[in-house]
Amino acid sequence: MQIKPFLTEQFFALYEFTAPHVLASSDCETTSIAELLELSGGSLKEFGELKLGYTESQGNPEYRRLVAEMYGNVEADDVVILTSPVEGIYLAMQTLLDASDEVIALSPAYDALHHVADHLCGKMQSWELVPTETGWEMDLERLESLVNSKTQLIIVNFPHNPCGYQPTPDEFEQLVEIARRNDCWLFCDEIYRGLETEWQLKPTLPSAADVYEKAIVLHGLSKTYGLPGLRAGWLIVRDKMVREQLIGWKHYTTICPAAPTEYLSIQALSVRDQLADRNREIVRANLLICTEFMKRHSALFRWRPPTAGSTGLVEIDFVRLNAGKTKVFANATDYCHDLAQKHGVLLLPGACLGCDDRFVRIGLGRSGFPIALAAWEATLLPSGDVS
Ligand SMILES: Cc1ncc(COP(=O)(O)O)c(C=O)c1O
């Protein structure tokens, strides 16, 4: 049996490293090893002297201690260090699911969150985020109607990729309550945690790991901290038996984290607030620019600005976009390929993430965003006919 294709990776593979104007990324601005070590007070010499032996399967104890500090109710023993955040999705699903299980997954979603579970379980049900005039909503009544005694797992992701949605603490509590009442596991992907763009107005959600004993939480350094090339991530698994089974699966994937990554991750965690502050500021500034852009082009695009995370979805009115053009676009996928190939502007078709094919994902975390956005805007002017 073949797993569904990872459309986001397939699309990025075509253009990510050649398109000059990358507007689709979900990660935030990155940093060099030298800059990171300067910020953390570490030394390149010490890094150079690191031995490249095997490391502990569950992860370096100091690394796990620093991770546990980020939560209110988590011990270093509850932390499993991964060889990449995406590995955590695979390990958790392998551990929790078999063919007799049903799964409910918030949709749209990062490909792996749906496909790995869908591949393993008996029945996967999508629980759709609902678009409103200005944002997105979670339909908790709908969730109640989907859940039943065979539901083993509910999969969510907050802050949400691609919608930039974050529930209120009250809504989040109700969601956890539904999981608890039905004795379901809750996989909460919190990889964009800390990127609350309205953080002064909205309280940050508690981590699912702090409020629900049957939660498995994913986080890492790729997005908020801008270090995706480190491939650093972790799971919080408070249930000892499940954690041991999960580490058992890890022996068949990566055995143990990479030693250089562990070293640099410890450095990064020691300055995590500085790294996150810088990226929150980038997202905030880009969001203002993006909102102005969307106002200028409100006839073509409906913009539901993210309230958290580094991404948002743009809904395109193709009738208007195509009006008077020599080449018409059938859908967002068609449009994104054309923009990337002819103009070097990279937006991600929302269809890769399970959205209707009139949405594109835009990423707000990079410092090159204003220039890339201007390149997109140039294609929208009468002289910049996209075809
Ligand atoms: C919601 C979500 N979870 C997990 C991941 C995986 O992160 P990484 O690519 O750093 O392994 C991503 C990456 O885009 C993501 O958006």
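Atoms within each ligand, like the ligands themselves, are counted from 1 in listed order.
Residue, atom and distance of the protein heavy atom nearest to atom 13 (C) of ligand 1 are Lys223 NZ, 2.8 Å. Looking from atom 1 (C) of ligand 1 to the surrounding protein, the closest heavy atom is Asp189 OD2, 3.3 Å. Atom 10 (O) of ligand 1 has Ser222 OG, 2.5 Å as its closest protein atom, hydrogens excluded (heavy atom only). Protein heavy atom at the shortest distance from atom 7 (O) of ligand 1 is Pro85 CB, 3.5 Å. Distance from atom 6 (C) of ligand 1 to its nearest protein heavy atom, with residue and atom name: Tyr110 OH, 3.5 Å.
For the ligand labelled ligand 1, residue Glu87 lies outside the 4.0 Å heavy-atom shell. Heavy atoms of Ser26 approach ligand 1 to within less than 4.0 angstrom.
Of the heavy atoms in Arg231, only side-chain atoms (C-beta onward) come closer than 4.0 Å to ligand 1.
The environment of Leu288 atom CG is dense: over 12 non-hydrogen atoms of other residues, nucleotides or ligands sit within 6.0 angstrom. The environment of Arg296 atom CZ is dense: over 12 non-hydrogen atoms of other residues, nucleotides or ligands sit within 6.0 angstrom.
For the pair Asn286 and Arg366, the tightest heavy-atom approach, listed with the atom from each and the gap, is ND2-O, 2.9 Å.
The distance criterion of under 3.5 Å between nitrogen or oxygen atoms is met by Val86 with respect to ligand 1. Distances between N or O atoms of Ser84 and those of ligand 1 include no value under 3.5 Å.
Ionic pairing of Arg304 and Glu315 is present here: one or more N-O contacts between side-chain nitrogen and carboxylate oxygen are shorter than 4.0 angstrom.
Listed by atom number, the atoms of ligand 1 under 4.0 Å from Ile191 heavy atoms are 1 (C), 2 (C), 3 (N), 7 (O). Using a 4.0 Å cut-off to heavy atoms of Asn157, the atoms of ligand 1 that qualify are 1 (C).
Checked against the 6.0 Å centroid criterion, the rings of Trp234 and Tyr71 do not qualify as a close aromatic pair.
Using cut-offs of 30° and 60° on the angle between ring planes, the pair His219 and Tyr225 is tilted.
For the ring pair (Phe, Tyr, Trp, His ring centres under 6.0 Å) criterion with Phe301, the lone passing option out of Tyr335, Phe359, Trp376 is Trp376.
The shortest distance between side-chain heavy atoms of Lys214 and Asp183 falls below 4.5 Å.
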